[in-house]
*Asks:* 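Dropping the structure in here first, questions after.
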Protein chains: 2
Amino acid sequence: MPQAKQQKRNSRLDQLLDAAASHFAAKGYRETTIREISGDVGMLPGSVYYHFPSKHELLLAVYEQGVGRMLQRIEKAPGIDSNDPWKRVEATLVAHLDAILDQSDYARVLISVRPDQVPEVADDLKALRDRYEARFASHIDALTLPPDVDQRLMRLMLIGAANWSQIWYRPNGQSPAEIGKAFVDLLRKPLDPSS
Amino acid sequence: MPQAKQQKRNSRLDQLLDAAASHFAAKGYRETTIREISGDVGMLPGSVYYHFPSKHELLLAVYEQGVGRMLQRIEKAPGIDSNDPWKRVEATLVAHLDAILDQSDYARVLISVRPDQVPEVADDLKALRDRYEARFASHIDALTLPPDVDQRLMRLMLIGAANWSQIWYRPNGQSPAEIGKAFVDLLRKPLDPSS
DNA sequence: GTCTATAATGTGATAGAC
DNA sequence: GTCTATCACATTATAGAC
C-alpha cells in the first residue's frame, strides 16, 4: 500500500474500500469480482492491485474499517453513559442494530462474510470479530443478574437475535431502536404469567 | 434426474446429496467444487451431470432434503405433545438446535447458504426456508402472551439466537438441549429484579 | 451409469508502457 | 497512479465412447 495511514477521506483508496464493502455486503466475497469493484470507481481491474496486493487483503481492510466504525458507534451511542445498566445494554444493542441494518455496508460485511470462507485471512478476520465482540460483551456483562442465569448465554442470545435480524429486517417495518428495545424488554420482563 | 421419487436410501444419488451437503455446510456454495463432491463418492466430475443438471439444482435438492428432515424432526421431538405450551416451544427449539448444531449437514446448509448467493434458484431456496419457518412459527405462536408483547419479534428473537449459535457452538460445551432450555427460560423469567 | 476428453467461460493476478 | 494486454488457472458443463 502506498501510504501507511491517515489518508484523507474520499481518497481513491477509500472509494475502493466503499465499493468493495458494498458488493461484499450484498452478495458475499466469492460472488464479488475485482472487475465489479474497479468498475464502480472508474478504474480498470489491474489498477486495483496498485492499492491492494490481493482480493483477500481488500476484504481484510474492509473488515478493519468495519470494526473501527462499529466500535466508535458503540462508544458514542446515546444513552451509553446512563446510570441504569439496562439502559446501557439497550444503547449498545441499538447502536449495533443501527450499524448492521441501516447504514454501513462495512458492518454488514462483518456479519455476512464468514471468516472460514476466506482461508488466507481467516485468522485475522476472526480476531477482528473477537475484538468487537469483547467490547460489546463488556457492556452487557456489567449487568447484575440472578445467580442462576448464564450470563454468557444471555449475551450470545442477544447478539444472535440482533445479527439474524439482517435476514428479516425491512426498512418500512420497525426501526432498529424499536427492535433493540423490544429484545431487551423480552429479557427483562417475564413472558410467562405462571413463573 | 433418472428416477422421479422414492429411490431407496444410500443410492448413488443419495451419496451425492450427502457429499454435497457436507461441503456446502462446511465451506459454502461457491467454495465447493463439483470435483470435490464427485471425488467423495468415487465419481468423476462429468458423471455428476447424469444425476443433476447443474450445481445449483444440486444445492436446491440439498435444501429440499434439509427442510423435509427438519420438519420431521420437529414433529417427532420429545415433548412436542406436552400440555404445557412453553414445553412445546422448548421442544421445538431444541429440535431445531439439535439439527443445526450436531447432526445434519443438510440443516446446516439451510442456515449458512444464503439464497441471494445463488441467484438461479434464490426464489426456490427462499420458499423452502419460509415453509420451514412457518411450521416453526405455528408452535411458538400458540403461546398466550401479555398483550403488550410483539409475538413476531419474540419468535424472530428465538430463531435468530438459535441460528446464530452455529457461529459459537462447540461440541464440548453446553448441549443443544441445555442451550434451548436456557434461551426459553431467559424469555419466560424476568432478568431485571426491579421490573 | 460412468468415464474420457475437452469446450467455454470467468477469474485473480502480473508486466511493463505511459 | 492508471492503463493495456495478457497470463495462468480453476471452474461448470458438454459430447460421445464404453
*Asks:* How about E64(A) and L60(A): do any of their side-chain heavy atoms sit closer than 4.5 Å?
*Replies:*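 In contact.
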
*Asks:* Tell me the interatomic distance from I34(B), atom CD1, to dT11(D), atom C1', rounded to whole angstroms.
*Replies:*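 Distance check: I34(B) CD1 to dT11(D) C1' gives 9 Å.
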
*Asks:* If you take the centroid of each ring, where Trp contributes its six-membered ring, are H23(A) and Y29(A) closer together than 6.0 Å?
*Replies:*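 No, they do not, as the ring centres are separated by 6.0 Å or more.
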
*Asks:* Want to settle it: does R30(A) or M43(A) sit nearer the 5' end of DNA chain D, counting the closest nucleotide to each?
*Replies:*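 On the 5' side of the pair lies M43(A).
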
*Asks:* What's the NZ-P distance between K55(B) and dT14(D), to the nearest Å?
*Replies:*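 My rounded result for the distance is 15 Å.
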
*Asks:* Atom CG of L44(B) and atom P of dT6(C): how far apart are they, to the nearest Å?
*Replies:*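 After rounding, the reported distance stands at 15 Å.
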
*Asks:* OP1 or OP2 of dT2(D) sitting under 4.0 Å from any side-chain N/O of Y50(A)?
*Replies:*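 Answer no for this pair, as no side-chain N or O of Y50(A) is under 4.0 Å from OP1 or OP2.
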
*Asks:* Once rounded to the nearest 0.5 Å, what's the spacing between atom CZ of F183(B) and atom CE of M157(A)?
*Replies:*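 That separation rounds to 6.0 Å.
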
*Asks:* Provide, to the nearest angstrom, the distance between the CG atom belonging to D40(A) and the C1' atom belonging to dT2(D).
*Replies:*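 In whole Å, dT2(D) C1' and D40(A) CG are 17 Å from each other.
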
*Asks:* To the nearest Å, how far apart are R35(B) CZ and dT14(D) C1'?
*Replies:*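 So the CZ-C1' distance, R35(B) to dT14(D), works out to 14 Å.
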
*Asks:* Grab the CG-P distance between L58(A) and dA13(C) for me, whole Å please.
*Replies:*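 Rounded to the whole Å, the gap is 10 Å.
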
*Asks:* Is S38(B) touching bases, backbone alone, or none of the nucleic acid, heavy atoms closer than 4.0 Å?
*Replies:*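 Counting heavy atoms under 4.0 Å across all strands, no contact is made by S38(B).
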
*Asks:* For S47(B), report the nucleic acid contact type (base, sugar-phosphate, nothing); a contact means any heavy atom under 4.0 Å.
*Replies:*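 Base, at least one base atom sits under 4.0 Å.
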
*Asks:* So, does Y49(B) get its side chain near the phosphate of dT14(D), meaning an N or O under 4.0 Å from OP1 or OP2?
*Replies:*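 It does not, given that no N or O in the side chain of Y49(B) lies less than 4.0 Å from OP1 or OP2 of dT14(D).
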
*Asks:* Between T33(A) and G46(A), which has a closest nucleotide on DNA chain C that is more 5'?
*Replies:*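 Closest to the 5' end, via its nearest nucleotide, is T33(A).
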
*Asks:* Check the distance between dT2(D)'s C1' and F52(A)'s CZ and give it to me in whole angstrom.
*Replies:*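 Result: 16 Å.
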
*Asks:* Expressed in angstrom and rounded to an integer, what is the separation of E36(A) atom CD from dT11(C) atom C1'?
*Replies:*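 Whole-Å distance recorded here is 11 Å.
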
*Asks:* Between R12(B) and Q15(B), does any side-chain donor sit less than 3.5 Å from a side-chain acceptor?
*Replies:*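 Their side chains do contain a donor-acceptor pair, which is all the 3.5 Å distance test asks for.
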
*Asks:* What nucleotide among dT2(C), dA13(C), dT2(D) has an atom nearest to a side-chain atom of H51(B)?
*Replies:*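 Selected nucleotide: dT2(C).
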
*Asks:* How far apart are the C-alpha atoms of K126(A) and D116(A), what are their side-chain angles, what is the distance that settles it, and do they pass the salt bridge (Lys or Arg N to Asp or Glu O under 4.0 Å) test?
*Replies:* CA-CA 9 Å; K126(A) 279 180 198 141; D116(A) 294 339; 3.5 Å; yes

